[in-house]
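The next block holds one structure in the form of structure tokens; read it before the comments.
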Amino acid sequence: FAGEVLQKMSPPNADALMRIAFLPSATAAMASAISANAAAGDLLADLARRSLFTDRRDATPPTYTFHALFGEFLRARAAATLDAPALRALRIRSAGILAQAGQADAAVAQLIDASAWAEAFELICQHAGQMLAQGRITLVRDWVLALPPLHGSTAQSQYWLGCCELAVNPTKALQPLELAHTGFEAAGDARGAFCAACAAADAIIFQGDSLNTLVTWLPLMESYAPTYLS
């Protein structure tokens, strides 16, 4: 039935829907941005009005969401009709639109699917702290573990991995936090080194087996503190 609906559309409108499907939800402006179709908002409004696989959510501005199976159908159509570079570019474009709309989690997912590792790494570093504060520990951990070694072994990635482990397994947190501290220190990043040292101290305290190893970290924390506080 979805195929029949698309066949009755003009090729530009069918192509627009295929591209909009890479956004979990979209305003008219977002739909136009990803499809380069100025009438994309009207197209979504018409589909929602006719109850064709599209829901309209009253917000300011209104947002539109495809039914799950319809979205899968459209993305499969994109994978079948676009070559690999074009599909990758579409995912990266959708990630940029999602990030601007405050949907960092969906944006990172698109970048990982596109193997756009540099962009994914940058977005993870920007939003990992906020995600952890929201309790979305598993999501951040999966993001970091998905990164290839070039980005996954950086001080920033190891720091966020250590913070994720800190919440569930302090014993496993210490190694990535030590690697993060070493990386921050080598880069001359005193603030990062201070945060990694503090998190490592937390890991030792949370383990509760022995506090003797805090002796290594306390002088470092003291030396970094003035720079951090300033």
Side-chain angles (χ1 to χ4, degrees), residues 1-117 119-120 123-124 127-128 130-131 134-148:
F1 185 37
E4 292 177 7
V5 170
L6 288 186
Q7 286 177 0
K8 294 178 181 178
M9 290 183 177
S10 66
N13 283 350
D15 182 77
L17 289 184
M18 180 181 72
R19 296 174 185 277
I20 295 167
F22 285 82
L23 304 175
S25 61
T27 63
M30 293 168 67
S32 294
I34 196 168
S35 65
N37 186 327
D42 293 335
L43 175 61
L44 293 177
D46 179 62
L47 291 176
R49 188 165 48 250
R50 293 192 289 154
S51 298
L52 289 176
F53 315 116
T54 308
D55 293 326
R56 181 184 189 273
R57 297 178 182 176
D58 290 325
T60 306
T63 60
Y64 299 89
T65 305
F66 292 138
H67 295 181
L69 292 178
F70 188 51
E72 290 179 12
F73 171 82
L74 291 170
R75 289 188 293 274
R77 182 185 176 96
T81 58
L82 298 176
D83 60 26
L87 184 60
R88 183 175 187 271
L90 176 58
R91 290 189 180 280
I92 294 173
R93 175 63 177 154
S94 70
I97 293 170
L98 290 166
Q100 288 182 345
Q103 300 180 45
D105 50 350
V108 172
Q110 289 289 1
L111 291 172
I112 289 175
D113 286 343
S115 298
W117 302 117
E119 295 89 341
L123 204 56
I124 290 169
H127 294 278
Q130 179 184 3
M131 295 293 182
Q134 296 171 350
R136 304 175 75 179
I137 297 164
T138 301
L139 178 63
V140 175
R141 184 178 182 273
D142 289 346
W143 283 351
V144 175
L145 292 177
L147 295 172

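One-based numbering along the sequence shown.
Taking both residues in full, the closest heavy atoms of Gln103 and Ser25 are given as NE2-OG, 4.0 Å, listed atom of the first, atom of the second, then distance. Shown here for Ala104 and Met131, the closest heavy-atom pair between the two residues is CB-CE, 4.1 Å. Scanning all heavy atoms of the two residues, the minimum distance from Ala95 to Gln110 falls at CB-CB, 4.1 Å. Scanning both residues, Ala28 and Gly41, for their nearest heavy atoms gives CB-CA, 3.6 Å. The heavy-atom pair separating Trp143 from Ile112 by the smallest distance is CD1-CD1, 3.9 Å. Nearest approach of Ala31 to Ala26, heavy atoms of both residues: N-CB, 4.3 Å.
To the nearest 0.5 Å, atoms CG (Leu111) and CH2 (Trp117) are separated by 9.5 Å. Atom CD of Gln130 is separated from atom CZ of Arg136 by 9.0 Å, given to the nearest 0.5 angstrom. Within the model, atoms CD1 of Ile34 and CG of Leu23 stand 4.0 Å from one another, a figure rounded to the nearest 0.5 Å. Between Met9 atom CE and Asp46 atom CG the span is 7.5 Å, to the nearest 0.5 Å. Here the CZ-CZ distance, from Arg75 to Arg91, works out to 8.0 Å after rounding to the nearest 0.5 Å. The CD1 atom of Ile20 lies 9.0 Å from the CG atom of Leu74; values are rounded to the nearest 0.5 Å.
Taking 4.5 Å as the limit, every side-chain heavy atom of Leu123 sits out of range of all side-chain heavy atoms of Glu119. For the pair Ile124 and Leu147, the minimum side-chain heavy-atom distance is below 4.5 Å. Counting only heavy atoms from C-beta outward, the side chains of Leu69 and Phe53 never approach each other to under 4.5 Å. Using a 4.5 Å heavy-atom threshold, the side chains of Leu17 and Leu44 count as touching. The closest side-chain heavy-atom distance from Pro24 to Leu98 is below 4.5 Å. Residues Asn37 and Leu43 have side chains not in contact (no heavy-atom distance under 4.5 Å, counting atoms from C-beta outward). Between Phe66 and Asp55, every side-chain heavy-atom pair lies at or beyond the 4.5 Å cut-off. For the pair Leu82 and Met18, the minimum side-chain heavy-atom distance is below 4.5 Å.
For Arg88, the side-chain contact (heavy atoms from CB on, under 4.5 Å) criterion is met by Ile92, Ala114, Ala116, not counting sequence neighbours. Not counting sequence neighbours, the partners of Thr138 by the side-chain contact (heavy atoms from CB on, under 4.5 Å) test are Asp142. Under the ring-ring contact (aromatic ring centres under 6.0 Å, His included) criterion, Phe73 pairs with no residue, sequence neighbours left out.
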